[in-house]
Structures are given as C-alpha cells and as structure tokens.
Amino acid sequence: MEKLIIKGPTPLKGEVSISGAKNAAVAILPAALLINGECKIENLPNISDVKLYCEILEKLGAKITWNTNNEITINTQNINCDADIIEITRKFRASYYLLGSLLGRCKKATVGVPGGCKLGARPIDLHIKGFEALGATTNVSQGNIYASAKKMKGTSIYLDFASVGATINIMLASVLAEGTTVIDNAAKEPHIVDVANFLNTMGADIRGAGTDMIKIHGVKELHGGSAYSVVPDQIEAGTFMLAAVASRGDIIIKNCIPEHLEPLTAKVVEIGAHVEENGDEVHVWCNKRPGKTVIKTSPYPGFPTDLQPQMGVVLATAEGTSIINEGIWESRFQYTAELNKMGANITDQGKSALFQGVPKLTGAPVCVSDLRAGAALIIAGVSAEGTTEVLNLEHIDRGYENIEEKFRKIGANIQRVAL
Ligand code: EPZ
C-alpha cells in the first residue's frame, strides 16, 4: 500500500501530454472479441483497468502481445465462450461491456454484477432492456448476470436516459446481429464515437455515433487485420486544465482534442482564467483568484460529471459562493468532506453542493473515495499551503497513467511512498 506526499502551494507550469482515453479503452478491448482475427490497438493508457481487461480477454482465449506499454496486438480467433471470468469481472464497472460483446460473439455471457466507483445506485436496467429487445433472455441471480440468445435480431431501441454504458453495450451486441438496430436518444460522448470508429475500422457498419441516433447494420463477420489508435482522454486533459486554474499556474496540454473540452473551456473562461486552443494543444493560465459560477453536470456536450470534483477544488478557493448541481450521479460529493479538512467551506446537499470560496487551502491527510475524487485531491494538495497526504491510491491508478510523474513534470512537489 502506498500514499502520496504533496507539498504546496505550487503554481503548475510547463507542458503535459495526454494519454489514451480510459473510457474508450475499456470498451474497445471487449469490442475486440467481436473480431474473428487479429488487430493492433495503439495509444492504450497504461492503467490498471486496461491490465485487468487484458487478463480477462486472455482467460477467454485471446492471444495478446504487448508491443509497447501502450500498444497490443490481439488475436481473438479462438475464443472459449464458457471460460469462467465471474470473479475478475466483479472488480470493475466496465466489465459490463463483456455482456454485449459475448452476446454478439457467443450468443451467451455470464459476468459478475460489476463493481467500480461508489457514485450511487448504478443500475444496468437500460443495458438489459436493450439486450432483451435484440432477442436475448437475461437473468440476475447469486450476484451474476446470465444472458443468452438463439439469435440476435436488429430492432429499434429508445433509451430512457442517454446512458454511456447502455449505448456502447447495445452497439456491441448488435454489430453481428441480423438486420439493423437503431439506438434512439443515444449518448454522444467522445468515447462512444471512438468505439464505433474502432469497430468500423474492423469491418462493422455503424452510422451516426456522436449523434442521438445511431444505426448499426448487422454484418456477418468482423475481419480485423487493422490498427486503431485510442482517442486522447478528454477527462485527463480537463483534469490538467483545472489543475492550472486551481494552482494559478500556466500549462500547455498536448495531444488532446480541444473540441471535446468545450463545455469545460466555456466555464474556465467565465470564471476569469485564460484558454488558447492550438491544433491538438490547449494552453491554460490563471494569474488571479477565479470568480464564482454555477455548474450543472449533464451528458455530453454538457459539463462532464467526471470533471465535477476537479472543478470543485477550483470553486473551493474562488471569490464568492458557487453551486454545483450533479445531474448524473446520486452521490458524487464525497470529496467535499476531504476538502473541508483542508479548510474549505463546502456544504454537501446530496445532488448539489454550495461552495463558499475561501482565500486558501491548507495541507491535511485526505482519503480518496473514487477515481475523479482522487485527481481532485491531488490538485488540492498542489494548491494548498503545507503538506497533504493522499491515501487509497488504487482508485487513482485505475484511470490515470503515471499521474504523479506528470504532475512532477509541471513543477509539483509530489512523492509516492510506501505506507
Ligand atoms: C460512464 O459510466 C463512465 N464510465 C463514467 O465515468 C461516467 O461518469 C458516466 O459514464 C457518465 O458520463 C465508463 O465509461 C466506464 P451512464 P456509466 O450509463 O456507463 C443511470 C469515471 O470516472 N443509468 O451514462 O455507468 C445511472 O444510474 C467513470 O471514469 C440507469 O439508470 O454511466 C446514472 O445516473 C465514473 N440505468 C446515469 O444513468 C442504466 O442501465 C448515467 O449512467 C444505466 C445508467
């Protein structure tokens, strides 16, 4: 077990390069199961969720060669559809994508009820409804999800909520289905477009990803034989933009897609920081105390919920009183109690929180409750006066590649030490 020791305050300065997107990679890896052949996946983030997924795919019979820390060649010609992967699938949320891809490839799937960040109920009823509409029968018992189908048949599916997971899972389950599937009120996040682009590169016929109506024309087989590079991580890029603002720093974020960051850029400029976009770079600097604002998180292209805790750190030391309304998850303000230990003045009201800005934070021992809360507490530690100890790092390592090295490169005084 390890912890981070951070000494502050440090205005972060310099350049940081963004890795491949976690939420695309953890969907593209199971999508490879739909290929009856081999492909290469580049720009994979070197994070524990990716390692875990590769372990599962090998258990299912895939042959994986790591060409570099961020690139694999994967052969999924010989898949054992009956392999027991239940225990390992309980360890993280995105294992639910195995339901869609194994139903597509094997017409059957058994996974453990997925784990992952404790952000509220996190049901998968929309996924199940989609699989059943395509002709599958499902059953949840003894903490496992069982799904099977004689055949998968394309149909129209309307999503009651633009769920990221349900959109991708239904897409995976219908790529090899008979006929055409239409997903209406689909989610539009960049990682959904990336999964569709990956599958189309391998021989699928998916149209409209990135809009609220996706059409999947079923094909007989995915041939593979190509290489695909995972999209840069929108949320990691946004994390460093907010680190620049919170620390009153000046950072150039390289290898990102500015368009994916627009919902954040608008807010960062509104509170008085500066943003310049230049090709695949975003330059963010802030040389004064930010102003107050009101944030409401919502599906893309709304303000991303996965950047809400990092924005919370900025608003904790902003002028005046700000409000954040969390439109996606029931309980995503656990980090505010940790910031209050650092001298912040935040009132958690369940699905919203009130941020009465204080001039500065001071270092303290804090605990990470989930992945994005972890990133937020690192930003708080860098910006605070004194020493901050960050515990429960396993949450952070699930989704950020070499995070303390990247922060050190832009001037942070941060060390990972054994507990
Ligand atoms: C994805 O989770 C991301 N995870 C989450 O990122 C992210 O917070 C979320 O999308 C929203 O952007 C991955 O991509 C692996 P949803 P997912 O289905 O798919 C309700 C991170 O930090 N809902 O869009 O689980 C649900 O309860 C993680 O990287 C149902 O009611 O999110 C929630 O309120 C944390 N029934 C809302 O929809 C369903 O069947 C959004 O969920 C599915 C979802």
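Counting starts at 1 for both ligands and their atoms, in listed order. Quick note: numbers below take in every heavy atom, side chains included, and nothing from hydrogens, waters or symmetry partners.
Protein heavy atoms are absent from the space less than 4.0 angstrom from atom 20 (C) of ligand 1.
Every N/O-N/O distance between Glu330 and ligand 1 stays at or above 3.5 Å. For Ile328, a nitrogen or oxygen atom sits less than 3.5 Å from a nitrogen or oxygen atom of ligand 1, counting backbone and side chain alike. At under 3.5 Å, a nitrogen or oxygen of Asp125, whether backbone or side chain, sits near a nitrogen or oxygen of ligand 1.
The distance from the NZ atom of Lys406 to the CD1 atom of Ile378 is 12.0 Å, given to the nearest 0.5 Å. Note that CG of Asn69 is 7.5 Å distant from CD of Glu401, once rounded to the nearest 0.5 Å. In this structure, the separation between CG on Leu339 and CE on Met342 is 7.0 Å, given to the nearest 0.5 Å.
Taking 4.0 Å as the cut-off, Ile235 does not count as a neighbour of ligand 1 on heavy-atom distance. Using a 4.0 Å heavy-atom cutoff, Tyr96 is listed among the residues neighbouring ligand 1. Heavy atoms of Arg332 approach ligand 1 to within less than 4.0 angstrom.
Salt bridge absent: Glu38 and Lys63 never bring a charged side-chain N and a carboxylate O closer than 4.0 Å. Salt bridge status for Lys215 with Asp205: absent, with no side-chain N to carboxylate O gap under 4.0 Å.
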Would you mind writing out the side-chain donor-acceptor pairs for residues 123-136 within the sub-3.5 Å range, not counting sequence neighbours?
{"unit_1": "His127", "atom_1": "ND1", "unit_2": "Asn169", "atom_2": "ND2", "d": "3.1"}
{"unit_1": "His127", "atom_1": "NE2", "unit_2": "Ala166", "atom_2": "N", "d": "3.3"}
{"unit_1": "Lys129", "atom_1": "NZ", "unit_2": "Asp160", "atom_2": "OD2", "d": "2.8"}
{"unit_1": "Glu132", "atom_1": "OE2", "unit_2": "Thr138", "atom_2": "OG1", "d": "2.5"}

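Counting only non-hydrogen atoms, the option in Lys22, Arg122, Arg93 that gets closest to atom 2 (O) of ligand 1 is Arg122. Looking at Ala21, Pro123, Ser95 and measuring to atom 39 (C) of ligand 1, the nearest heavy atom belongs to Pro123. The nearest non-hydrogen atom to atom 10 (O) of ligand 1, considering only Asp49, Leu159, Val164, Asp160, comes from Val164.
Cation-pi geometry between Arg122 and Trp329 is satisfied (NZ or CZ under 6.0 Å from the ring centre, within 45° of the ring normal).
Looking at Asn402 and Arg408, their side chains never bring a donor and an acceptor atom within 3.5 Å of each other. In the model, Tyr335 has no side-chain atom that pairs as donor or acceptor with a side-chain atom of Asp370 under 3.5 Å.
Of all atoms in ligand 1, listed by their number and element, those nearer than 4.0 Å to a heavy atom of Asp306 are 5 (C), 6 (O), 7 (C), 8 (O), 21 (C), 22 (O), 28 (C), 29 (O), 35 (C). Counting atoms of ligand 1 from 1 in the listed order, those under 4.0 Å from a heavy atom of Gly165 are 18 (O), 19 (O). The atoms of ligand 1 that sit less than 4.0 Å from any heavy atom of His127 are 40 (O). Atoms of ligand 1 found under 4.0 Å from any heavy atom of Thr305, numbered from 1 in the order shown, are 8 (O), 11 (C), 12 (O). Heavy-atom contacts of Ile124 reach the following atoms of ligand 1: 39 (C), 40 (O) (cutoff under 4.0 Å).
Considering Val111, Leu98, Leu29 in turn, Leu98 is the only one that fulfils the side chain to side chain contact (heavy atoms under 4.5 Å, CB included) rule with Ile56.
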